[in-house]
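Chain A is the first sequence line, chain B the second, and so forth, proteins listed ahead of strands; every chain is numbered from 1.
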Amino acid sequence: MKVLVANRGEIALRVMRTCRELGFPSVAVYSDADRDSLPVRYADESVYLGPTLASESYLNIAAVIDAAKKSGAEAVHPGYGFLSENEAFARAVEEAGMIFIGPRPETIALTGDKLAAKRIAREVGLPVLPGRDLPVDEAIPEDMAKGVTFPVLIKAVNGGGGRGIRLARSQEEMVQMVAAAREEARAAFGDDTVYLEPLVKNARHIEVQILGDGNGQILYLGERECSIQRRRQKLIEEAPAPGLSLSQRHHLFDAALKLAEALNYRSLGTVEFLLDPQGHFYFIEVNPRIQVEHPVTEMVTGIDLVKAQLLLAAENQLHYTQEQIRLNGWAIEARVLAENPELDFMPVTGDITHLREPGGPGIRIDTAMYTGMAITSDYDSLIAKVIAWGEDRQSAIRRLQRALGEFQIGGVPTDIQFLEGVLQSESFQVGRADTTYLEDFQMVPSGEDSANQEVAIVAALIAHNRERARTLAAPKGESASLWRGAAWREQMNGH
Amino acid sequence: MKVLVANRGEIALRVMRTCRELGFPSVAVYSDADRDSLPVRYADESVYLGPTLASESYLNIAAVIDAAKKSGAEAVHPGYGFLSENEAFARAVEEAGMIFIGPRPETIALTGDKLAAKRIAREVGLPVLPGRDLPVDEAIPEDMAKGVTFPVLIKAVNGGGGRGIRLARSQEEMVQMVAAAREEARAAFGDDTVYLEPLVKNARHIEVQILGDGNGQILYLGERECSIQRRRQKLIEEAPAPGLSLSQRHHLFDAALKLAEALNYRSLGTVEFLLDPQGHFYFIEVNPRIQVEHPVTEMVTGIDLVKAQLLLAAENQLHYTQEQIRLNGWAIEARVLAENPELDFMPVTGDITHLREPGGPGIRIDTAMYTGMAITSDYDSLIAKVIAWGEDRQSAIRRLQRALGEFQIGGVPTDIQFLEGVLQSESFQVGRADTTYLEDFQMVPSGEDSANQEVAIVAALIAHNRERARTLAAPKGESASLWRGAAWREQMNGH
Amino acid sequence: MAIYKVNVGKKIFMVDVTDDQICVDGKPVNASLTPLNEGGLFLLRQDNRAREMHVQAQGNSSYAVMVNGRHVMAQVEKGNVKNKRRAEQVDAGALIAPMPGMVVNVLVKEGQQVNQGEALVVLESMKMQMQLRSPFSGQVSKVSVASRTHVEKGALLVQVAGD
Amino acid sequence: MAIYKVNVGKKIFMVDVTDDQICVDGKPVNASLTPLNEGGLFLLRQDNRAREMHVQAQGNSSYAVMVNGRHVMAQVEKGNVKNKRRAEQVDAGALIAPMPGMVVNVLVKEGQQVNQGEALVVLESMKMQMQLRSPFSGQVSKVSVASRTHVEKGALLVQVAGD
C-alpha cells in the first residue's frame, strides 16, 4: 500500500518510519520551505505542493489530492494539524479512490463541531460540563449572560486543541471577548460560531486513546495526562495519569468506549476529559487523529499506533483484542520547542548549527531536525519530542531529565531548561500539577552560578583568541576561520 | 555513591547514564587517545590514566586504583573487557576500601579458569561437554590425543569471549596448534594453559542473564541468543532465543540458577551454553560482568541492569523478585563496527566526518561516537550498538532493518550493509542460524544497481564541479572550499 | 595580557588572560579550552571537570552559549577600555514586530487616538496569536502594514506619537 | 560539456554533463544535486526520489560514497583523455601491514627459507589477531619489525625474495 503522508516535520517522518517497517512505499509532500527536509529525503518519493504559506501547500486540499494522484498513492495519512481534521479533505481523498487513514469524513465533521460532539456525549451518558450546548449570539449578550457563572470560557465551535480559547471574568469582558473570539474563529477556522463553557478551576487534562475498526470493535489503550500546558499548548505528557484510582480509570475507559461506540469509530482517536479537584470527569472533545503525544501510549502498551492505523487501512481489521493490551511501566514526553525563555517563550528562528541527540536506555527521540536546518516562523515551533520510558514514574522522570540534559541544540534557544525546571519541581514530581500549574510557575535557579563563571571563561578565551588572530594574522577574512586552525588548537590546549 | 567507570567508549557512557539517573556522581578515566571522548565530557569529573596503549592505561591496575583514590570514588564499575574479569583488580579495589561493582574476586578467579568453572558446573549437575576437564601438556600430544575425537577445539584456560580458540582437524594439526595457542595465550592472558573441548557442530550460542545479591538470592532474566558470530565475535544478539520450547527454557534457567547458587553469585553474570541440533544444552563458561549485548535483556524485561548493579552495590539488596521479572516482546541488537567489508572486514581507521543516528519508535542507540571523532586502531572496532524492540520477532527485525538504513556514518566504512544482509537472509528470518552461519554466508546483491548509477551521477557532478572551480576560480587553495559556496549551490540546483 | 569584563546572566566576571594563567575576579583558575569541531563546540576543562559548550559569536563582542541545554548570552568587553557602545536608540513609539509572522489584523487607523495598553496589531507566528499593544497613550501617526501580510522580525508595524 | 567515465562497484557508467542536461550511458536523466552541509552530505534528486549520500574526495579522482549504509568507491576519469595513472608498483615480496596494530610475533628470521602461505608475522589490531603469510616461496631478505612493537598501516614488515 503506497502511502502519501500529507504533513511535514517529525510526524511525517514518524509515519514514514512505520511505512518502511511494513514495506509500504511512502510519498512525501513539501512546500518551498521544506524542499530539503528530512521527510523528503526519507520518503521513497516526494511531490512538490506549493509555496511556503501553509494555505498554499499543506492546507491546500486540491494540491495535496493532485500530489496523491500523481504519485499513485493508495492511501493518505494526514498526521496531526493541517488537514487532519478536515472533513472535506477526508472526503476528497475517498472520492479520488484512495483510503483516508483516519475516521470517516462524517465522524470528522461531527467531532469538529464541538457542540455536536458534546450533545452526543451527553446523550450516551457521558459526564459533560453544565451549560447549554448552544452557540452564543453576539447580538443578545444580556440575555445570554443569564445563568452564566463567571469566569467562563469562550470557545470556537470549530476550534479545538486549545486554540482561540478566551476566559471572561465578567459580563462586560464576555461581550467584548465574544466579538473578538468570533473574529479570530472566522479567520482561523472559517466559522465564527462560538460557545460558552464553565471554567473548571484547577482541572487536570486526561485523555483516553481509542482505536476502532469502524465495524463495531473498539479498543481503549489507556489514558494520558497532559496537564502541563503553557498558553493551552501541551508541553509535557505522560501515560498513565498519576494518582488515578482503578475505578476512576475504568470509569474513564467506559465513557470513552461508549462515545466511540456511538460514533462507530474508525482508526485512532482521543477522547479528552477534564478532571476536577473533587475527582469528577467531564468530557471535552474528541480528536479524530493521531496526537502529538501518541508515543507515550506506544511506550507503555508496546503497540505501534501508526502501524495499527496503517494495517487497519490496508486490511480492514485490527490485530489486537482488548485483553492483549497490557500497560507496562511509565512514559513521559517533553516537547522541545524553538523558543526564547528569556523573551516570554517567543518562537525564535535561526539555523541549527550543532546537534547531538540523547540516547541510551529507555529514550526515544522523534524529530526531523538536522544540522544545518533552518528554523523558520512558517510552521509551528516544535522541533523535537523526547520520550522516556521507565519501570515506574520516578524512573521515567529521571530518564527524561537525563535525556534533556544530553540534548545539545546549537543555533536557536529552546525550552529545554524550562522543561527541566518543571520536571524537577515538587508538584510535578508528586503528580499534582494541574492545567494552571505553569501560569505562575517560577524556575528555581539551580546551581548555575558555576556554569555562568565557566561561560565567562570560555567567552573571554574566545575573545582573546579572536583578538590575537586579528593582530597576528591577515586583517581581513577572519570571521569564517574563527573556530579553526592548528595554531588556535595548540594555544588553547597549552594552558 | 561516587562511581569511577574503569572503561571507555560506549559502555563507559552507558554506565554513566544510569549513574546520572540515580544521582550518583561519575568519574571517567582516560588514556591519551580518549582525552576528548564523550565519556570524559559526560562524567562529572575525569582522571587521566596514562598512554594510549591499554596496558599502560585501561589495563594498568595501579593507575586505575590511583585514579579512583584521587577522585574519592566509593565504587568502581569495570564495564566489559579490560579489567572487568581480572581478579587482582577486583581485589585491589576492595583493598583500597571501595566497592567493586561485580562479583566477588574469588568468583572472578573461578569463572576465569574455564576448566575450574566446568568442573563445578559438572558437580552441580549441569550438562557439560564430554572430555577431560584437564589442561593439555604440549609434551605428550600422542598420549593426549587418545580418546580425542576430531575436529577438536583448543581453548585457553584463561581465555573466554571467543578469543584465541583454534580448531584442529587432525592429531597433527592439534600438536602444531597447541603450541601456537599456548604462545598466544601467554601473550594475551599471561597464562599458557590450554585445554581441549569437543566441537559441537552447528551449535547455537544461548546464554542466560543472572543477577545475584551475593547472599543467596539469584534471579534469572531470560536468555539471549548470540549465534550470529564472525571470527567467534558476536555480531547480532537477541532476546528471547527463537524457537525454544518452554521446557527447554526452564531447563536452561534451572541450570543457570543451580550454578549461580553454587557460586553464591553476586551482581550480574551470564551463563553461556551451546545448544546442539538435537536440542541438548552444554554449559560453556560464565562471564562475570555486564555483556556487550545486555540491552536486549533490558528491553524485554524493562529492567535497567546497570541500575540493578549500582543499587546492589550501594544498598546491598536487589529490588526485584523472580515473579516481577516478566518478558515482553522481542529485542535484537546489531553491532556496528568500523570495518571494511570489501577487505575481509578488516578494522579500519579514519575520522567520523558525518553522523546521523536512527530514531523513532522502539530504537535504542548506545554509542560514544561523535562527529569529528577519530577511529583509531588502539581499541576495538565497535562504534555503535543499534537495538530494536518489537512486539514480536518479526517487528523487531523490521525495526532493526529500518534503523540500520537510517544510520549515516561518514568517514569510515562499517559493517552496516553486511548486518542488513544477514537480517534479511532466510535463515536468520526463520531463526535457524547457528554459530557457523556466517562462515560461508554470501550477501545477496539487492537492487543496488540503481544506487550504483546514482553514485556515478553524484561522483561525475562533483568531479565536474571541481574541475570547473579549478578553471574559473583561483588556482590554489581549492581543496578546503570544495563543498561550499553559493555559486556551487546555485549551479547544482539549477539542473 | 588582557583583562576582559564578561557579563553573563546579569553577573559580571573579570577574566584576566595571560599566556600561562587565567584568573577570574582575581583568583587563578585551572582551565583550558579545546575546540571540538568546526561548528562551534568547545570543551572547557577546569580542574577535573570537562564541560561542553556550543558558542556562536554574534557580532564583535557577544556570544550565544549553549551549556547543559541552557542558552545564555555573554557580553565581552576589553576591561581597560571604556568604549561602551550605546544601544541602538529605537523610537519609543514604534511598534516593532518581535518575530516574523503574519499580520492577522490591524486594529487601528492612522490618526486614531489610542490608550496605553490598547491592542494595535494582532500578529500570528507558529500557531500563536499575540496582541501588540500601545506603549503609551497618543495618536497613531503611521500604519505600515496591512492585514494578512507577512512581516519580518523587526519590521515597523505602527507608529504612535505620544500626547 | 564533459564526459566522465565512472567506475562504481565494478560497473562503468559514462556520465555526460552539460549545462542543461545529464546523460548516463547516453540516456538523459532528470537529476540534480544539492549539498546539504559542509561536511560532504549531498542530496541527489532524480525524478521523484531524493537520496542522501555522503561523499569524501580521496585524491583527485576517487570518491568514497556512503549511501544507504553502504560504502562504495567511485573512480572518475575524464572520458576523452587516456591518462590512466599506473597504480603504485608495490614490490610483490614486501609484506605490508594492512592496518595499524601491534606486532605480536615475528615468526621468521632474516635469511630463513619460507614456503608460500607460511605465516611470517602475527599482527593484532582491535582485539583481532591475524597471521600475515608469505605470498610465495623464497627467502626472507629483510625483517623490519620486532615483536611487541606498534606499526602503522602500510609499514613494511618483512621482505621476501622469490626463489
Side-chain angles (χ1 to χ4, degrees), chain A residues 53 81 163-164 183-184 187-188 231 233 338 340-343 346-349 353-354 371 376-381 404-414 416-417 420 448-449 451-464 466-467 479 482-484 488-489 492-495, chain C residues 2 4 6-9 11 13 15-17 19-22 24 29 31-35 37-42 44 46 51-57 60-61 63-76 78 98-102 104-105 122 125-130 150 153:
Chain A
L53 204 63
R163 252 195 96 170
E183 170 69 18
E184 185 179 317
R231 302 179 188 130
Q233 295 299 320
N340 193 339
E342 315 262 295
L343 286 176
M346 209 140 66
V348 292
T349 60
T353 51
H354 170 67
T371 311
T376 67
S377 61
D378 304 310
Y379 309 111
D380 82 24
S381 61
L404 288 172
E406 288 176 18
F407 210 159
Q408 297 187 345
I409 301 171
V412 294
T414 69
I416 285 180
Q417 199 195 9
E420 290 177 323
E448 293 295 348
D449 278 3
N452 277 349
Q453 175 173 325
E454 290 179 1
V455 169
I457 294 172
V458 169
L461 287 175
I462 292 173
H464 185 64
R466 286 173 86 182
E467 193 173 327
S479 68
L482 173 61
W483 313 125
R484 58 184 69 154
W488 152 266
R489 190 174 281 268
M492 302 321 294
N493 279 336
H495 284 287
Chain C
Y4 298 89
V6 188
N7 194 325
V8 185
K11 279 198 68 179
F13 299 89
V15 185
D16 185 352
V17 183
D19 278 349
D20 52 0
Q21 193 171 262
I22 301 165
V24 179
V29 294
S32 75
L33 188 65
T34 312
N37 63 24
E38 297 189 353
L41 192 66
F42 288 83
L44 178 76
Q46 196 177 350
R51 184 138 25 191
E52 284 176 289
M53 297 195 198
H54 181 262
V55 185
Q56 277 191 297
N60 278 328
S61 56
Y63 298 89
V65 181
M66 192 271 299
V67 52
N68 299 341
R70 190 170 66 115
H71 287 254
V72 290
M73 290 300 301
Q75 311 285 343
V76 183
K78 200 85 185 267
M99 53 201 260
M102 170 69 74
V104 175
N105 210 341
V122 182
S125 184
M126 302 191 198
K127 276 178 74 182
M128 194 180 91
Q129 286 205 357
M130 75 191 79
H150 187 87
K153 182 176 170 180

So, the part of N7(C) with a heavy atom under 4.5 Å from chain A: the answer is neither

Under the salt bridge (Lys or Arg N to Asp or Glu O under 4.0 Å) test, which residues partner E420(A), sequence neighbours left out?
-> none

Counting heavy-atom pairs under 4.5 Å to chain A, which of H54(C), H150(C), Q46(C) comes out on top?
-> H54(C)

Point-to-point distance, once rounded to the nearest 0.5 Å, from CD of E454(A) to CG of L44(C) = 5.5 Å

Chain C shares the most heavy-atom pairs under 4.5 Å, among A338(A), G411(A), A187(A), G405(A), with G411(A)

Portion of T371(A) that has a non-hydrogen atom of chain C nearer than 4.5 angstrom | neither

Could you tell me the separation between the OH atom of Y63(C) and the CZ atom of R466(A), rounded to the nearest 0.5 Å?
-> 3.5 Å

Does any non-hydrogen side-chain atom of V455(A) lie less than 4.5 Å from one of M53(C)?
-> yes

In Å, rounded to the nearest 0.5 Å, how long is the span from OG1 of T353(A) to CG of L41(C)?
-> 9.5 Å

Can you find a heavy atom in the side chain of E467(A) that is under 4.5 Å from one in the side chain of Y4(C)?
-> yes

Checking heavy atoms, do the side chain of E52(C), its backbone, both or neither come under 4.5 Å from chain A?
-> side chain

Who are the side chain to side chain contact (heavy atoms under 4.5 Å, CB included) partners of N340(A), not counting sequence neighbours?
-> E342(A), L343(A), V348(A), P413(A)

With distance as the sole test, does H464(A) use its side chain to make a donor-acceptor pair with the main-chain N or O of A2(C) at under 3.5 Å?
-> no

Could you check which of V72(C), V65(C), V24(C), V122(C) has the highest count of heavy-atom pairs closer than 4.5 Å to chain A?
-> V24(C)

pair H71(C)-Q417(A): side-chain heavy atoms closer than 4.5 Å | no

Proximal component of A64(C), with respect to chain A [non-hydrogen, under 4.5 Å] = neither

Chain A heavy atoms under 4.5 Å from V29(C): which part of the residue, side chain, backbone, both or neither?
-> side chain

Quick one: are M66(C) and H354(A) in side-chain contact, heavy atoms under 4.5 Å?
-> yes

Tell me, do L33(C) and I462(A) make a side-chain contact under 4.5 Å, heavy atoms counted?
-> yes

Output, in order, the C-alpha distance, side-chain angles, deciding distance and verdict of side chain to side chain contact (heavy atoms under 4.5 Å, CB included) for L461(A) and F42(C).
-> CA-CA 11 Å; L461(A) 287 175; F42(C) 288 83; over 6 Å; no

Does some side-chain heavy atom of M102(C) sit less than 4.5 Å from a side-chain heavy atom of L53(A)?
-> yes

Chain C contacts, top residue of T376(A), T349(A), I409(A) (heavy-atom pairs, under 4.5 Å) | I409(A)

Can you see which heavy atom on G101(C) is nearest to which on S377(A), and at what distance?
-> N-OG, 4.3 Å

Bottom line for E183(A): the part with an atom under 4.5 Å from chain C's heavy atoms is side chain

Please flag which part of M73(C) lies under 4.5 Å from any non-hydrogen atom of chain A: side chain, backbone, both or neither.
-> neither

Report yes if some heavy atom in the side chain of F13(C) is under 4.5 Å from a heavy atom in the side chain of I457(A); otherwise report no.
-> no

Which atom of A456(A) lies closest to which atom of V15(C), heavy atoms considered | O-CG2, 3.9 Å

State, yes or no, whether a side-chain contact exists between V55(C) and V458(A) at a heavy-atom distance under 4.5 Å.
-> yes

